[in-house]
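Please read the structure below before turning to the comments.
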Amino acid sequence: MSTDVAWAKRSHEESWRPILGLAIEEVFEIMLGCPVEPVSGEAVVVRGDFTAMVGLAGALCGVLTVCCEATTARKIANAMLGDAADSEGQVADALGEICNMITGNFKNKLAGRDERCLLSVPSVVSGGEYTLHSLADGNCIEIIVKLEECPVSVRLQLQG
Amino acid sequence: MRGYLKPRRNAADEQFVSRDSLRYAACARTRDVKWCVIMNKIRALIIDDSSVMRKIVERSLRQAGVDLEKVWEASNGAEALISLQSNAVDIILCDINMPVMDGMEFVRQVSTVKSARGIPIVMITTEGSESHVVEALSSGARGYIRKPFTPDQVKEHVLPLLGMKS
């Protein structure tokens with residue numbers, strides 16, 4: 001990797017990390033009524049019982065994932081519904097929508113790029129025994145937040 | 001029905017309410033939106049591929065002070081067009097990114113359903129770019145709310161379309 005390319009990638013990550021952080025905070029606070037606190041990525045390992053994904057294509061190309069434990073996903077669904085989620089499908093649906101809103105909110109904050117970027121409908125994987133391989137080989141920004149002490153990982157992987 | 005309209009003994013107010021109730025029922029049948037809105041009884045169609053989001057939109061409408069008489073749900077534009085052929089509604093709240101038929105295509109096609117012409121459509125979506133807003137509004141949508149949204153935003157964008165103060 002040349003020095004210029006490495007610098008450009010680092011520069012993107014540095015400028016987009018706070019934007020992604022803000023997008024995450026807004027979605028959790030507005031839709032769940034629960035403020036989230038960012039935590040250090042190195043200190044926390046998030047077990048991914050549920051992983052929601054939304055693809056980006058166009059000016060931004062890659063995938064945004066939201067990953068958390070089953071109990072956290074259920075907590076998110078219950079907070080969104082204002083009631084107990086009655087099925088695993090509903091829990092997955094809720095996490096997919098959170099992922100969708102974080103991606104859209106992040107995209108809308110990137111002036112100039114949002115016009116030329118399309119989002120996929122969300123997909124959700126449940127069960128922990130899998131590895132996610134994204135073809136996006138460029139920037140990877142991971143932000144881990146705590147929702148009432150439960151860690152949630154939000155990862156944005158973009159093609160270079 | 002006629003007997004129900006006859007004045008009742010010492011019950012002028014009750015009679016007035018009864019007349020209103022009958023008129024409301026008649027208007028609901030003939031899709032006289034204006035009168036239904038005056039009565040604050042709203043029939044809404046919520047279109048979103050997420051069932052959780054449909055519930056959130058319905059709750060937000062209630063929190064905004066909309067007295068919902070009936071809520072129909074559809075998970076994409078095609079389902080919504082079928083629903084509109086047999087159900088009268090006062091307002092439509094529609095997502096954009098959906099499988100089968102997306103919200104933009106739904107807005108373009110809704111005028112083909114005779115009974116649905118003129119019903120206000122509010123887009124509720126994560127697609128918040130200027131071009132999407134312009135396209136939706138020029139296709140016939142009357143309002144645009146970006147997700148994530150608060151009940152206050154729903155109030156601000158939906159109530160004026162129902163002739164209610166926001």
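What you see is a predicted model, and the numbers here were worked out from it, not measured in a lab. Just the heavy atoms: all of them, side chains too, but no hydrogens, waters or symmetry mates, feed the values below. So you know, we letter chains A, B, ... as the sequences are listed, proteins then strands, and number each from 1.
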Point to revise | Verify same cluster id: B:Val134, B:Met104 (apolar side-chain graph, 4.5 Å) | key: no

Practice item. Heavy atoms only: give me the nearest A:Ser120-B:Asn97 pair and the separation to one decimal. Key: O-ND2, 4.2 Å

**Study point:** Atom pair CG/CD1 of A:Leu119 and B:Ile96 - distance to nearest 0.5 Å
**Key:** 10.5 Å

Point to revise | Separation of A:Asp86 CG from B:Ser51 OG (nearest 0.5 Å) | key: 8.5 Å

Exercise for review: Identify the two heavy atoms, one from A:Ala94 and one from B:Val52, that lie closest to each other, and give their separation to 0.1 Å.
Suggested key: N-CG2, 3.9 Å

Practice item. Would you check if B:Thr126 and A:Asn105 make a side-chain contact, meaning some heavy-atom pair closer than 4.5 Å? Key: no

Practice item. To the nearest 0.5 angstrom, please state how far the CG atom of A:Asn100 sits from the CG atom of B:Asp49. Key: 8.0 Å

Review point. So A:Met80 and B:Lys55, side-chain contact (heavy atoms from CB on, under 4.5 Å) or not? Walk me through it.
Key: CA-CA 9 Å; A:Met80 284 178 82; B:Lys55 285 192 170 31; over 6 Å; no

Point to revise | Heavy-atom side-chain proximity of B:Lys147 to A:Met31 below 4.5 angstrom | key: no

Point to revise | Close side-chain approach of B:Met98 and A:Val121, heavy atoms under 4.5 Å | key: no

Check your understanding: Hey, what do you get for CG (A:Leu81) to CE (B:Met53), rounding to the nearest 0.5 Å?
Key -> 10.0 Å

Exercise for review: Please examine the side chains of B:Arg146 and A:Met101, heavy atoms only from C-beta on, and report whether any two atoms are closer than 4.5 Å.
Suggested key: no

**Study point:** Minimum heavy-atom distance A:Asp93-B:Ser50, with the two atoms named
**Key:** OD1-OG, 2.7 Å

**Study point:** Interchain contact, A:Glu97 with chain B, by part (heavy-atom threshold 4.5 Å)
**Key:** side chain

Exercise for review: Can you tell which part of A:Thr103 gets under 4.5 Å to a heavy atom of chain B, answering side chain, backbone, both or neither?
Suggested key: neither

Exercise for review: Check whether more than 12 heavy atoms from other residues, nucleotides or ligands sit under 6.0 Å from atom CD of B:Gln109, and answer yes or no.
Suggested key: yes

Review point. In terms of heavy-atom contacts, does CD of B:Gln63 have more than 12 from other residues, nucleotides or ligands at under 6.0 Å?
Key: yes

